[in-house]
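This report refers to the structure that appears directly beneath it.
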Amino acid sequence: RSGEMAKLTQLIDNEVFRAYATYATIVLLKMMLMSLITAYFRISRKAFVNPEDTASFGKGENAKKYLRTDPCVERVRRGHLNDLENIVPFLGIGLLYALSGPELSTALLHFRIFTGARIAHTFAYLIPLPQPGRGLSWAVAYAVTISMAYKVLKTALYL
């Protein structure tokens, strides 16, 4: 009936929503992994930004040498920031897209390409791979999100 909220069981039975939930979980876990990689690089390179983080490496002036930036740590951080800038919009737009009634095969194509491109982007950032690898993987994922946004606006345009 019009005006009623969809029941949770209706969403769980929706194949497109389940596909969205699957790929959203994958990219969120990938993004969470970037935090662990950042921590690994900070510890292994002894490069910290907070004084309290240096306590196990020394006291006073001796600990201050660990308050520094490191190119490898910064590279991982930039990759993580790029995830935040791209995965968060995917989550919102992807949810609206999943609820807009797309064909399962088309939705899976969108979700799989986005996820694959973001994973490729991470490898391109961390290894690092030569350009245009990182740029292309970013552009592909970005284009997928724009494609889903276009479909949502085309389906439910109330401007």
Side-chain angles (χ1 to χ4, degrees), residues 1-45 47-50 69-159:
R1 292 186 293 196
S2 177
E4 282 190 22
M5 296 283 292
K7 293 180 182 168
L8 186 57
T9 55
Q10 290 173 310
L11 284 179
I12 293 171
D13 289 339
N14 181 316
E15 288 183 299
V16 174
F17 180 78
R18 286 199 328 259
Y20 164 76
T22 299
Y23 289 96
T25 300
I26 291 168
V27 295
L28 284 170
L29 286 171
K30 189 213 81 58
M31 190 167 66
M32 290 173 64
L33 180 62
M34 294 299 285
S35 296
L36 295 175
I37 294 170
T38 302
Y40 168 78
F41 273 89
R42 282 203 181 284
I43 292 166
S44 66
R45 308 255 179 197
F48 303 98
V49 292
N50 299 308
T69 59
D70 178 86
C72 292
V73 173
E74 292 308 306
R75 185 168 195 84
V76 175
R77 289 184 68 238
R78 287 191 306 272
H80 193 187
L81 179 59
N82 193 276
D83 275 351
L84 289 168
E85 294 168 350
N86 290 275
I87 291 173
V88 171
F90 166 81
L91 295 174
I93 292 170
L95 176 61
L96 296 173
Y97 173 74
L99 299 175
S100 72
E103 290 291 324
L104 177 60
S105 60
T106 305
L108 281 169
L109 188 64
H110 278 90
F111 301 152
R112 287 173 177 165
I113 290 172
F114 180 88
T115 301
R118 289 310 303 173
I119 291 170
H121 183 270
T122 298
F123 281 114
Y125 230 123
L126 295 181
I127 290 175
L129 297 177
Q131 283 288 26
R134 191 178 80 239
L136 285 174
S137 59
W138 171 85
V140 167
Y142 201 82
V144 167
T145 305
I146 295 296
S147 173
M148 291 187 301
Y150 173 77
K151 167 71 167 132
V152 168
L153 291 173
K154 185 177 167 198
T155 302
L157 191 61
Y158 284 107
L159 298 177

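Just so it is clear, the structure is predicted and the values come from calculations on it, not from any experiment.
Of all non-hydrogen atoms in Ile113 and Val140, the two that sit nearest each other are CG2-CG1, 3.5 Å. Nearest heavy-atom pair across Asp70 and Ala47 is CB-CB, 3.6 Å. The minimum heavy-atom distance between Ala107 and Val16, with the atom names listed, is CB-CG1, 3.7 Å. In terms of heavy-atom proximity, Leu104 sits nearest to Ala19 at CD1-CB, 4.3 Å. Heavy atoms only, all atoms of each residue included: Arg75 and Pro128 are closest at NH2-CB, 3.0 Å.
Residues passing the side-chain hydrogen bond (donor to acceptor under 3.5 Å, both in side chains) test with Arg112 are Tyr23, sequence neighbours excluded. Legend: residues meeting side chain to side chain contact (heavy atoms under 4.5 Å, CB included) with Leu36, ordered by chain and number and at least two apart, are Leu33. For Glu85, the salt bridge (Lys or Arg N to Asp or Glu O under 4.0 Å) criterion is met by no residue, not counting sequence neighbours. A search for side chain to side chain contact (heavy atoms under 4.5 Å, CB included) contacts involving Phe123 returns Ile119, Ile127, not counting sequence neighbours. By the side chain to side chain contact (heavy atoms under 4.5 Å, CB included) test, Ile87 is found to be paired with Val27, Leu28, Lys30, Met31, Asp83, Leu91, Phe114, Arg118, residues two or more places apart in sequence or in another chain being considered. For Ala120, the side chain to side chain contact (heavy atoms under 4.5 Å, CB included) partners two or more places apart in sequence, or in a different chain, are Ser137. Residues passing the salt bridge (Lys or Arg N to Asp or Glu O under 4.0 Å) test with Arg77, sequence neighbours excluded: Glu74. Not counting sequence neighbours, the partners of Phe48 by the ring-ring contact (aromatic ring centres under 6.0 Å, His included) test are Phe57.
Here NE2 of His80 is found 11.5 Å from CG of Leu126. Values are rounded to the nearest 0.5 Å. Note that the CD atom of Glu15 and the OG1 atom of Thr22 stand 11.0 Å from one another [nearest 0.5 Å]. Rounded to the nearest 0.5 Å, atoms OH (Tyr20) and CG (Leu108) are 14.5 Å apart. Rounded to the nearest 0.5 Å, atoms CD1 (Ile146) and CG (Leu153) are 9.5 Å apart. Within the model, atoms CD1 of Ile37 and OG of Ser44 stand 11.5 Å from one another, a figure rounded to the nearest 0.5 Å.
Sorted by first and then second residue, the side-chain hydrogen bond (donor to acceptor under 3.5 Å, both in side chains) pairs involving residues 86-98 (not counting sequence neighbours) are Asn82-Asn86, Asn86-Trp138, Tyr97-His110. Contacts classified as salt bridge (charged side-chain N to carboxylate O under 4.0 Å, His left out) and involving residues 129-146 (residues at least two apart or in different chains) are not found. For residues 98-109, no residue pair satisfies the side-chain hydrogen bond (donor to acceptor under 3.5 Å, both in side chains) rule, not counting sequence neighbours.
Put simply, the side chain of Val76 reaches to within 4.5 Å of the side chain of Met34, judged on heavy atoms. In this structure, Leu95 and Phe17 have side chains that are in contact, with non-hydrogen atoms separated by less than 4.5 Å. In this structure, the side chains of Met32 and Leu29 come closer than 4.5 Å at one or more pairs of heavy atoms.
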